[in-house]
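Numbered from 1 within each chain, the chains take letters A, B, ... in sequence-line order.
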Amino acid sequence: MERHWNRGTVRPSRRTGARGTASVEAVVALPVLLLLFISVFYVRDNALALQSAANQARTCAWLYSAANCPDDRSALPAACQGAALSVDPDVVDPPELPVTVEPIKTAIDSLLEVALEAAFGSATTVAAEKSFSPPELYGGGTKVVHRNYHLACNIKKKDLGDVVLEAWTNVYDAIF
Amino acid sequence: MAGGLREADERGAILLIALFFAVFMVGMVYYVIGVAEAVLLSERMQDAVDASALSGAVMNARGMNFIVLINLVMSALLAILVALKLVETLAMVGIALASALAYPTFGLTLPLIPVLETVRSTASSWYHTLKPDIEQALEGLNTLSTTVARMAPPASKELAEEGVEKYWSPPVECATVAPARLTEGLPVEDDEYPVLCEKAGNNVGALIALPFSVIDVPELADAISGAVGGAAREFSDWFCGADGSGGSGGAPSIATTVQHYYPKLPSVTECENTKNDRVCRDSNAETADADPDDTTGRCQAGHDCSIDGPYERSVRAAREECDPTKRPAPVEYWWQEQTGTVNWTWNEVAWERGDETVDEPVQQHLNRKDNPLFFKPPCGPSAVLPMIVGYERDPHPNGDVNEINPVCSEGGAAPPLPLPGTRKGTVVAVPFKRVTHILGCRIDVREEKRGADEGPAASGSGRSSKRIIDGVSLGSEPFQVRVFATRKPGMVGPGRGVRVALWGAAAPDSGLGELENFGRYAVGQAEYFYDGTEGKNGWMWNMKWRGRLKRFRLPEDSIDAATLVGPCAVDDPGSPAFFAMIAGVKDLVMH
């Protein structure tokens, strides 16, 4: 029975059954929103880590290449000498020679290596990694991202004396 | 009781708002993913082209260093002959001195002569024994260095593109590495044989002067080295023998007469220098536009006949380049000639110039070989005995294309004073002839041409070392390597994430038009250079060539889009259009 304000009829209030509905809905909706909100930060951290790893790989690769990919990495900045980096110069292998006497074969290989290194050189692949902490919602802990940068090694300046000395050193080491 | 009627129905209010907000947040998450992806992919693309450009440049630098190594080996081999010849020469000088001093020393120097003769003959014998083998080795090394010079740019292109595919794909879908001089090879050519002989002499001198270097007298060591090298160069036939081509160095040359036709528009000169297809196409079009009518010599209808057009530029240049006082003088002329009459009216005091009647201009032609005895240029100073004396250089001094200043003219002047009694108003028509334009000429020039000078090797059977070709300097176009790369189509624009965030709707027009493609392509450039303080003569005698990255610039001489874009155009038809666009604004685009 309904009562208008000027008619005197009263309808029982429906509010009693709906009390707390908004709260329940908020409780339901809030975790979803929270999940999405935290996801944005997770994506950001992931992208930042990837970009940081890429920057480090790029910088270290260029520095290493400019220094002619030396065996001794002590001249590189500290950030490039960390355990997270691996530098692998690769050189074209000398052809298989039909020489059976080992010391002579080794000596010729050493000489060819000088010539091949002069002709083809070497390249390096620098791998950098960065870690960040995902939100607990995504498992927490530590996530590691990797980035590689492949670059040709620049050339070390040499004159004839350096070439002769290098070839002689290789041959001497190979034989003795 | 009335309050209950005012209460709104709040059921579902939070959930609805939360639903909309959640949709927004999902879009936000995907948008962030898309932006991050776009940035990371863009950086990766740039890393790829930078690394591959440097790789290409380093490969070419290695090629140059390898040629330097070959030069050094050649000079070391030739030093053996120079050393033996030096010993022989010194022995001969010793014999001569011993003979000359025999009388003043009462024969004390005579016993030296047999010893010196033994030394001389032994050195000579070894020289002639070793010479064929060393010459053969030099020829082989010359061929090897020629091969390296030819193969280095295409090999660097191949290896660099292979590296891109192996290490940078994805996101790179296609990459073209374009070293300069891809077909011509490295910018080297055969040097003169005496230069190699001089270097061999320097090596021998350095060995002789080694003790002076050890005791820290480097100036004396340099002097000895330089003296021996200089002597070896001056008497290279004696010390080193002739080179394989039969001359004192380099390929034999032949003299030939070359016909040069003028005027040459700047685009024609550019085409001859660059041999670029696009430049030559433009040049041919401009030359056709400048071509005068065969009958009248006028600018043809439908062509650009403005004062800055090809025809007017051509006739202006022709007056300069076909000047009959030049040496050698032109031997063939084309010109436009106009005849007519000027009416002079007698007013009882003087002749008054009246109207002139001008005939249609006519193109004329004269070749010296048709009439060698009486060949005359159409215009010129009296000393060159022209048809008409005079030579005006500016066809339009007032800047009006319709007002032509003739090159020269004759006739049309006032007639002589008439006889007494001539009536006032008597009109006399005086003929005139004008050369309105010089249209072209031919000059024959005698030029020395080297035989077999295609590509980097000037002589196929020579024994010379290599040098840098003329006309190049460090940082110039022959040392540049450019890279062009395209990204996989699925990664274009805002990225997958943002497209998801758009719920399948088309991406809004950014208003950038064609410039959006900048995000789809990447360009990079590097160069190989000589990292030393030696002058140009020393660039091919020290292994100091290295590679370095450079800011991307389109070359000064226009490059065909196909050369840089290459096979990527097959996979991505839009890339030539993109390149044509940046070629159009190349002075504004910087990487």
Side-chain angles (χ1 to χ4, degrees), chain A residues 2-5 10-15 18 21-26 28-30 32-33 35-37 39-40 42-44 46-48 50-51 54-55 57-58 61-62 65-66 68 114-115 117-121 123 125 147-160 162-164, chain B residues 1-2 4-5 7 9-19 21-22 25-26 28-29 32-33 35-37 39-40 43-44 47 50-51 54-59 61-63 65-66 69 72-73 75-76 148 159-160 163 166-168 203 497 531-532 541-549:
Chain A
E2 191 171 315
R3 182 177 184 176
H4 196 261
W5 67 276
V10 177
R11 185 169 70 177
S13 170
R14 289 182 186 150
R15 192 164 172 248
T21 301
S23 304
V24 171
E25 289 168 355
V28 169
L30 211 56
V32 175
L33 296 176
L35 174 70
L36 292 171
F37 189 69
S39 300
V40 171
Y42 178 41
V43 168
R44 181 208 66 176
N46 199 356
L48 277 177
L50 278 170
Q51 194 161 28
N55 284 342
R58 182 189 312 122
W62 280 97
S65 168
N68 319 305
V114 173
E117 205 272 339
F120 295 99
T125 301
R147 268 294 192 246
N148 293 342
Y149 200 103
H150 180 82
L151 192 62
C153 293
N154 217 330
I155 303 165
K156 188 177 175 187
K157 292 189 281 188
K158 290 178 189 170
D159 55 27
L160 180 60
D162 294 331
V163 173
V164 169
Chain B
M1 305 290 185
L5 295 174
E7 291 164 3
D9 186 349
E10 294 173 334
R11 288 172 298 174
I14 296 295
L15 202 57
L16 193 63
I17 294 169
L19 186 65
F21 195 66
M25 288 299 296
V26 168
M28 175 86 101
V29 170
V32 171
I33 292 172
V35 168
E37 191 181 65
V39 169
L40 289 169
E43 283 189 359
R44 191 89 179 142
D47 289 343
D50 287 346
L54 182 78
S55 174
V58 166
M59 305 281 184
R62 290 198 185 281
N65 282 336
F66 199 73
L69 183 63
L72 294 172
V73 171
S75 71
V148 169
L159 289 168
K166 188 175 173 187
Y167 295 103
W168 301 99
N203 291 342
D531 189 12
W541 294 97
N542 295 281
M543 296 169 66
K544 294 183 181 178
W545 290 88
R546 288 163 58 87
R548 65 184 169 193
L549 208 61

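Contact annotation for B/Val39: only side-chain heavy atoms (C-beta onward) come within less than 4.5 Å of a heavy atom of chain A. Contacts of B/Trp168 with chain A are made by side-chain atoms alone, with heavy-atom separations under 4.5 Å and no backbone atom involved. For A/Tyr42, no part sits under 4.5 Å from any heavy atom of chain B, backbone or side chain. For A/Asn68, the part lying near chain B is the side chain, with the backbone staying farther off; criterion is any non-hydrogen pair under 4.5 Å.
Between chain A and the options B/Ser75, B/Gly547, B/Ala61, heavy-atom pairs under 4.5 Å are most frequent for B/Gly547. The most heavy-atom pairs under 4.5 Å with chain A, out of B/Gly532, B/Gly163, B/Ala22, B/Ala57, come from B/Ala22. When each of A/Asn154, A/Leu151, A/Val43 is checked for heavy-atom pairs under 4.5 Å with chain B, A/Asn154 comes out on top. Put simply, of B/Leu549, B/Asn542, B/Val148, the one with the most heavy-atom pairs under 4.5 Å next to chain A is B/Leu549.
What you find for B/Ser55 and A/Ala152 is that their closest heavy atoms are CA-CB, 3.9 Å. The heavy-atom pair separating A/Ser39 from B/Val29 by the smallest distance is CB-CG2, 4.1 Å. Taking all atoms of both residues into account, the shortest heavy-atom contact from B/Ala51 to A/His150 is CB-O, 3.5 Å.
Here A/Leu33 contributes atom CG and B/Met25 contributes atom CE; the two are 7.5 Å apart, rounded to the nearest 0.5 Å. Annotation: the span from A/Gln51 atom CD to B/Arg44 atom CZ amounts to 13.0 Å, rounded to 0.5 Å.
Side-chain contact between A/Leu36 and B/Met28 is absent, with no heavy atoms from C-beta onward closer than 4.5 Å. Proximity of B/Asp47 to A/Tyr149: side-chain heavy atoms (C-beta onward) are separated by under 4.5 Å at one or more points.
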task = Quick one: do A/Asn55 and B/Glu43 satisfy side chain to side chain contact (heavy atoms under 4.5 Å, CB included)? Show the steps, please.
result = CA-CA 9 Å; A/Asn55 284 342; B/Glu43 283 189 359; 4.3 Å; yes
